[in-house]
Engineer: 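Please see the structure below; I have some questions.
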Amino acid sequence: MNSKNKKLVLHQMWTTKSAVLMIFMLFLSAGIFAQGKKQITGTVYDNTGNVLPGASIVEVGTKNGTTTDFDGKFSLQVAVGSAIEVSFIGATTQKVQITGTSSNLDVRLQNDGYALAEVQVVSVGYGKVKKSDLTGAISTVAGDDLVKGTISSTEQVLQGKVAGLNIIRPSGDPAAGATLRLRGGTSLTASNSPLIVVDGIAGVDINVVQPSDIKSVDVLKDASATAIYGSRGANGVIIITTKSGTKGVSVVYNGLSSIGYVTDNLDLLSANQWRGYMRETGNLDAVDYGGNTNWQKAIEQTAISQSHTLSINSGKADSGFRTSIGYLNNEGVIKKSGLERISGNVSAYQYLGDNKDVKFDMGLFANIDKWHPIDYRIFERAYNLNPTIPVYDANGNFTSVGGNIYENPVEILTNRTVDNKRHRLLGYFKTEVKFLNDFMVSANISLEHNAVKGSTYKPSYAVMEGRTEDGYAQKKYEEYTNAQGEIFVNYNKTLDKHVIGALAGYSYFENIYEGFGAQRSGFVTDAFGYNNLGAGYNYRLGDVYSYKGKSNLVSFFARANYSYDGKYLLTATVRRDGSSRFGENNKWGTFPSASAAWKISSEEFMDGTKGWLDNLKLRVGYGVTGNQDGIGEYKSLSILGVGNDSYYDPVTKTWSLAYSPKQNPNPDLKWESTEQVNIGIDFSLFNRITGSFEWYSKKTKDLLYTYEVPQPPYLVGNMLANVGEMSNKGVELTLNANIIKGDKFSWDANLTLGHNVQKIEKLSNPTYKTDVIYSGSLHGLAGMSGQYSQVIAEGYPVGTFWGYQSAGLGDDGKMLYYNAAGDKVLEGALVDADKRDLGNVQPDLTLGIGMNFKYGNFDLGISGYGMFGQKALNATNMMLNDPNRLPAFNVPDDFLNSGITSSPKYSSYWIEDASFFRLQTLSVGYTLPLKYKSKVRVYLMGENLFVLTNYKGVDPEIGLNAQDGINQTGVMDLTGLAAPGIDRYNNYPRPTTISVGLNFTLNN
Amino acid sequence: MKIKITAAILLSMLFTVSCTDLNEELYDRVEDGNFGNTPKEIDALVGGAYSSLRGFADGISNNYPTCEYVFFLNEVVSDEATIPTRGTNWYDGGQYQDAQKHTWKADNRMILSAWRYNYTGIAKINAIIYQIDKSSLTTQAKTPIYAELKAIRAYYYYNLLDMFGNVPIVTNFEDVDLPSNSTRKQVYDFVEKELLDAIPYLNSSVVYSKLTKNVAYSILARLYLNSEAFIGTPRWQDCIDMCQKVSGYTLTPDFFANFATENQTSSEIIFAIPYDSKAGTVGNYMSSMSCHYLHKLTLSPTGNYPWSANGMCAQPGVYSAFADTDKRKKCMVAGDQINLATGSVIIMDNGEPLTYTENLTSLTDAKENEGVRLGKYEMKAGENWERDHDFVLIRYAEILMMQAECYVRLGAPELARPFLQQITARAGEEMPTTIDLAFIDQELLKEFTFEGRRRTDNIRFGTFFDPWWEKGETEAYRAIFPIPTSVLTTNKNLKQNPGYPLN
């Protein structure tokens, strides 16, 4: 150890002021005086700069050796003047001379084929495994391969990248999140999202991390992989590893400016078409307001967006830090909408000790979002309004024509003020200590905080909910805090050809949420906006509220790995979860799993295939996982609460609040459990193609749902309970190919394919009887109050459309239907028994595809995704093709020639094939190399350049959740039913975006 | 090496070892059993029994607060009101048309709503009784509370007796065994006994909106009035006797004082459901459901009146049944609707004037402006969507009419005259020379138009089963509604009412 390093150690000793560590260091210093020998440490990298775990380091001519750990690090005592040999399967072996001054070595091995892909380190939860040693179904996406562009929601980066993972964004609103569904989802409730783990911290908001800070994403798909996360693992686990200080110094800037515009609107009548139609039909009384307005265009704008991120990275042998800062201003293509975000990230790590036995690691992520939520009811208005109504009247005021669902949408957007702000924060501190050679104990503590502040003002002149209220102001605040502590011990031992690994740990997770809000109406002046609630004279019960709740989750977990000769691999895990949300009778659940893998290509009898088959591995896994998201706090208890149950006291002539029982208690409430079998094959061919194929079968029991229960005897007619069973079966294929690998020209391609079949197996048990659950509510659409479009029923997947089969239009334009006997009949002759399965919203095939070309300094990237075979109810079209609409309400151009004379009625006529393929991104770049490996890249990128589809609505990609549609039209879906695949006036158009970007990487 | 182990142990001490407590901590609500020990808490519990009378927004039957639907249902199956389909609007799966044509099926949502409204009210009261049972009150203090709660419960069971007949009787909150049907006679006896048992402990004074002795007498009078229809045994004299126990009320000189925004001051109202939008009450949507959406311009030049849904209206023949001199005729809005801002008739978007006509093209295809509207309750500019007037359930006029009807039915029509005279005098109508049941029937229609009780009168007078407007003859079994499909599905111990298909 030279004096410089010594000083550093001393410095650290004093700054940490830890007696324990000081003594520890003194022990280590003893090693310095060993005669002729010296301790060297180092890191082994592959040719792309990623660390290589499991590389072997041997002092030449001796048996003295070691292997690198998961961070690619090693330490070894060797004789001065000797040499070490660093080797790895698939890489060229390298020799390094040890001199008196060498202590910290960086060894970079050159790529020798496929194998380097196999040494990627994959996060498996509470530890890492080499890709080649995996026994479960896990897909990995490197940071460079994530989706690029103007991204306001971190989920988007995985779109089309992982076979079996569907990412559905309900709209093009930058403030809208995305829904993630892995392998079809396992639950009837809306909570089908995978568990998100960031740098080992489970259960966090994925948007706390910005795309540019992501180093890699591992998606744990099958139960043998996710069972280590127990009652939260059933929908898969997405593990995000963020960038941390790597060797060297670098400063990176990424900038992007873009223009987004709407390419697809509904073809509705223009004012002249409307007038022409009225003349032709002799409808001379129809009121013509004299204007000429395209109401869809009137609410749209060209969106100008920009994004900048800047990061500084510095890494040394035993420490590193990275900071980044980002700014995003993503305008929406609907006026006023958009998202502005400032984000920051700091991470640092420090090893202590010459053997790097102690590691401290910390990370801090923070961002602030600002946005102005728009009222989605504007879309229905834009479709409804007569095109002869001008946006502004002769005096320059907003035109306001009386009528239901007829308010001027531009007025709504303009006059209402909604300012929302969200803070997200995640901080963690991790400690790792190696002891007794083979053990490592890790302790993590973390805190996540998420807060939203909302402010709304509807002035007294606002047509919608402003005028009748005489001005309306609201402020609200909601927040949650997740605190988490974990401690676990890893044991790893290699004995000849036997490799043994073990893990045992404990985790405590606590969620506290709270919020408050206040609203007032009746303002003498609009001058205060939402800033002076006290000035409103109208006070109602419920105008002030606050709430708070808490839950916790306690877990014990363990894992054991065994492998023999790198050919036969076994993994077993178990987790025991206890949750405060579970009912009294089911507080604890146990989730086991086991899996095995066989590297067939390493067998001697496969020697004959070595020329073309580089790798062939068979994996088999089984596990039980849970889902507890469907259970809110306090759902198992018998609760008294205050609602708007006020009662009148005639003596005092005042109102007081009643306390009433709120729910049917369910002491048996528990997690949903999913059993899953997965069989996978990993392969690598011709040194160019790698891929995997997965087959899985999932069976979910104890489905959580708010089931209907008989009244009497129950207090209320529904109750959260564990009843049904559901199955999902499917196959997935992932392929990556280096089609051409030249120095000058290269061509990579990747493909993901997923196919899933879902079926509800059971909906009843001895206590709860359900024949069918009606879902896909059409409530709130004219003439369809209380009507449903879908069923949840045994033998069918979730989102099955159920209704009458259309037989097209009759000669008089009346809709005809097939009855059960197959005859064409009019609506009046239909009976319930004529209803049938009209298809479902589950895609048969999901596809993701990407290609990258490089020629010299030029690069070209292309990526797209598609979903095929799913049906969608085009309820927008159903409601617009209504003969009762004209002259007051606008209709589609097509309606005039359609001959339709009957009022809208739900049937297969309005169900369409919503298959599509979207060209997600197309980019062309040029890289200018600079000194010291610095470089500048400029690029041009198009997003959403085209969609191939036969779907007639604005966009075939339709949200999965009832909330996406129904809430936005202003009608609460009280049932909470998931209503996927219904296009209901909720088409915030997805913009087509053209951007120019600049990347600057400065290295020293 | 030991040092590293020490470090590991130190690290593990960052965590408290006893972190396995999974009890839920409550912050903004209370668990049952921790409530009902102070007089204030008792009041808050009992208050819940009254607030439940307003009904609730119901995700299962997917509708407006349910008391409206009990009201809608009883009106729409009667000869008084209708919800016609207007173009696209108000089709809603044909449920209103089915109700009107008396072809309703067991899955009709209005029927489910009526069931759920009453049984939710009952279950709530059972839960409150259970809470009070567990409270520290003395038995003596509990007795009058139980009496009041059980009397409200009997009101709900009276509704069920009237609408569904053979319903299960459930009184114990802790018993979650699936119940089976009681016979209509058993339900009848239960209602009678519960009310008679409660009466000695009920408040004897006139107390607005509370279930007092007077209210219990009135419900019993209704029970006896309809006894023949319910169980086949007429009890006209019992009805008269019960009516005569009601005391402390007079007719208000102005008929419409009972339906004003501040109707809680009426001397006539025996039982009502109080509403006050500032107190957060939800429901009471009769006014919101009837008028055309441009109707607001007739009330406020700036349109400062909530949107209305252009639905329910009077059946053809109801408006013209009133003499023009009848002051009660103003409970309906008819004719040209004048825009206060312009002084001329409101023009609808199709270019036609907004004129409410008595006749409708048809139940299945009515025009926007057709049908005379329900305007019984006060409508005025500046109102909110959530109305402030109290919803009247029983008023003194009904006590008078019940006695009159019973005397006519007992063959002593002249004894009915003094009661009827009070009613007609206020309305500005002449008394007929002979008083017969037909006159009583017409007077009930005019006095209680749109007060949610016409179905019961139609059944008692037998007119329910006759053809009218777009309805054919009705079979006798439809005098009660079927038990809702989803209730039968979830409780296999229940049997469908006779006459209705099993599924």
Side-chain angles (χ1 to χ4, degrees), chain A residues 20 23-24 285-287 402-404 431 433 435 441 443 485 487 508 540-542 547-548 550 554 578 580 587 634 637-641 644-648 650 655-656 658-661 708-713 715 717-718 769 771 779 782-783 785-787 882 884 887-888 903-904 974-975, chain B residues 3-8 11-12 14-15 19-20 22 24-25 27-32 35 44-45 47-48 50-51 59-60 62 87-89 91-93 109 116 119 123-124 127 168 170 176 178-179 207-209 274 276 278-280 282 293-294 303 306-307 349-351 486-487 489-491:
Chain A
V20 175
I23 297 163
F24 169 56
D285 290 336
V287 183
N404 173 29
T431 309
V433 179
F435 62 102
V441 60
I487 184 154
Y508 180 84
R540 282 175 293 220
L541 182 94
Y547 59 87
K548 182 176 179 178
K550 177 179 164 182
V554 178
S580 62
K587 279 288 182 201
Y634 315 123
L637 304 176
S638 179
I639 295 285
L640 291 176
N644 56 355
D645 301 345
S646 48
Y647 67 96
Y648 182 65
W655 288 80
S656 306
Y659 281 66
S660 311
E708 236 178 274
V709 291
Q711 228 187 347
L715 178 66
N718 53 22
K769 304 278 178 224
D771 288 347
H779 195 71
S785 292
Q787 304 299 297
D882 176 355
N884 301 299
S903 296
L974 294 165
T975 62
Chain B
I3 287 134
K4 280 184 271 181
I5 297 168
T6 314
L11 277 174
S12 67
L14 283 171
F15 303 96
C19 277
T20 54
L22 296 174
E24 291 197 272
E25 272 180 71
Y27 298 92
D28 57 3
R29 57 201 96 186
V30 290
E31 219 173 330
D32 78 1
F35 202 77
L45 281 171
Y50 285 101
S51 67
I60 291 178
N62 213 337
T88 315
N89 292 308
Y91 173 70
D92 300 347
R109 286 188 313 119
R116 289 172 47 71
Y119 271 115
K124 241 184 182 179
V170 176
V176 289
L178 300 184
V207 187
Y208 184 76
S209 78
D276 184 343
K278 289 198 172 173
V282 170
Y293 54 75
L294 292 176
W307 171 74
D349 280 306
N350 61 8
S486 65
V487 176
T489 308
T490 48
N491 180 358

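Because the structure is a prediction, the values reported are computed rather than measured. Every chain is numbered from 1, with letters handed out A, B, ... down the list of sequences.
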Engineer: If you take all heavy atoms of Thr489(B) and Lys769(A), which pair is closest and at what distance?
Structural biologist: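 Closest approach of Thr489(B) to Lys769(A), heavy atoms only: O-CB, 3.4 Å.
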
Engineer: Are more than 12 heavy atoms from other residues, nucleotides or ligands located less than 6.0 Å from atom OH of Tyr659(A)?
Structural biologist: no

Engineer: Tell me, do Pro274(B) and Trp655(A) make a side-chain contact under 4.5 Å, heavy atoms counted?
Structural biologist: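 A side-chain contact under 4.5 Å exists here.
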
Engineer: Could you verify whether a donor N or O on one side chain and an acceptor N or O on the other, from Thr490(B) and Glu708(A), lie under 3.5 Å apart?
Structural biologist: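 No donor-acceptor contact under 3.5 Å links the two side chains.
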
Engineer: Do Tyr50(B) and Tyr648(A) have ring centres separated by under 6.0 Å?
Structural biologist: no

Engineer: Looking only at heavy atoms, what is the nearest atom pair of Tyr27(B) and Lys550(A), with distance?
Structural biologist: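 Closest approach of Tyr27(B) to Lys550(A): OH-CD, 3.2 Å.
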
Engineer: With side chain to side chain contact (heavy atoms under 4.5 Å, CB included) as the test, would you mind laying out the steps for Glu24(B) and Leu637(A) before giving the verdict?
Structural biologist: CA-CA 9 Å; Glu24(B) 291 197 272; Leu637(A) 304 176; 3.8 Å; yes

Engineer: Rounded to the nearest 0.5 Å, what separation is found between the CD1 atom of Ile639(A) and the CD atom of Glu31(B)?
Structural biologist: 5.5 Å

Engineer: Answer with side chain, backbone, both or neither: which region of Val170(B) has an atom nearer than 4.5 Å to a non-hydrogen atom of chain A?
Structural biologist: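 Interface part for Val170(B): side chain.
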
Engineer: Under a 4.5 Å heavy-atom cutoff, which of Ala127(B), Pro179(B), Gly48(B), Pro168(B) has the most pairs with chain A?
Structural biologist: Pro179(B)

Engineer: Answer yes or no: is there a side-chain heavy-atom contact under 4.5 Å between Val554(A) and Leu22(B)?
Structural biologist: yes

Engineer: Please classify the contact of Ser209(B) with chain A as side chain, backbone, both or neither, using a heavy-atom distance under 4.5 Å.
Structural biologist: side chain

Engineer: Short question: side chain of Asn491(B), backbone of Pro710(A) - any donor-acceptor pair under 3.5 Å?
Structural biologist: no

Engineer: Could you tell me which non-hydrogen atom of Thr88(B) sits nearest to which non-hydrogen atom of Ala782(A), and how far apart they are?
Structural biologist: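 So the two residues come closest at CG2-O, 3.7 Å.
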
Engineer: As an exercise, state the distance from CG of Leu45(B) to CG of Leu640(A), rounded to the nearest 0.5 Å.
Structural biologist: 6.5 Å

Engineer: Looking at every heavy atom in both Ser51(B) and Asp645(A), which two are closest together, and how far apart are they?
Structural biologist: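 Closest pair (atom of Ser51(B), atom of Asp645(A), distance): OG-CB, 3.5 Å.
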
Engineer: Between chain B and each of Ala286(A), Ser638(A), Ser660(A), count heavy-atom pairs under 4.5 Å; write down the option with the most.
Structural biologist: Ser638(A)

Engineer: side-chain hydrogen bond (donor to acceptor under 3.5 Å, both in side chains), that's the test. Do Asp92(B) and Ser785(A) meet it? Break it down for me.
Structural biologist: CA-CA 5 Å; Asp92(B) 300 347; Ser785(A) 292; 3.3 Å; yes

Engineer: Which heavy atom of Gly717(A) sits nearest a heavy atom of Arg116(B), and at what distance?
Structural biologist: CA-NH1, 3.2 Å

Engineer: With a 4.5 angstrom heavy-atom cut-off, could you sort out which part of Pro712(A) is near chain B: side chain, backbone, both or neither?
Structural biologist: both

Engineer: Could you give the distance from NZ (Lys548(A)) to CD (Glu25(B)), rounded to the nearest 0.5 Å?
Structural biologist: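 If I round to the nearest 0.5 Å, the distance is 8.0 Å.
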
Engineer: Which atoms of Ser656(A) are under 4.5 Å from chain B, going by heavy atoms: the side chain, the backbone, both sets, or neither?
Structural biologist: neither

Engineer: Considering only heavy atoms and a distance below 4.5 Å, find which of Val176(B), Leu178(B), Val487(B) pairs most often with chain A.
Structural biologist: Val176(B)

Engineer: Counting distance only, does the side-chain N/O of Ser646(A) pair as donor-acceptor with the main-chain N or O of Ala279(B) below 3.5 Å?
Structural biologist: yes

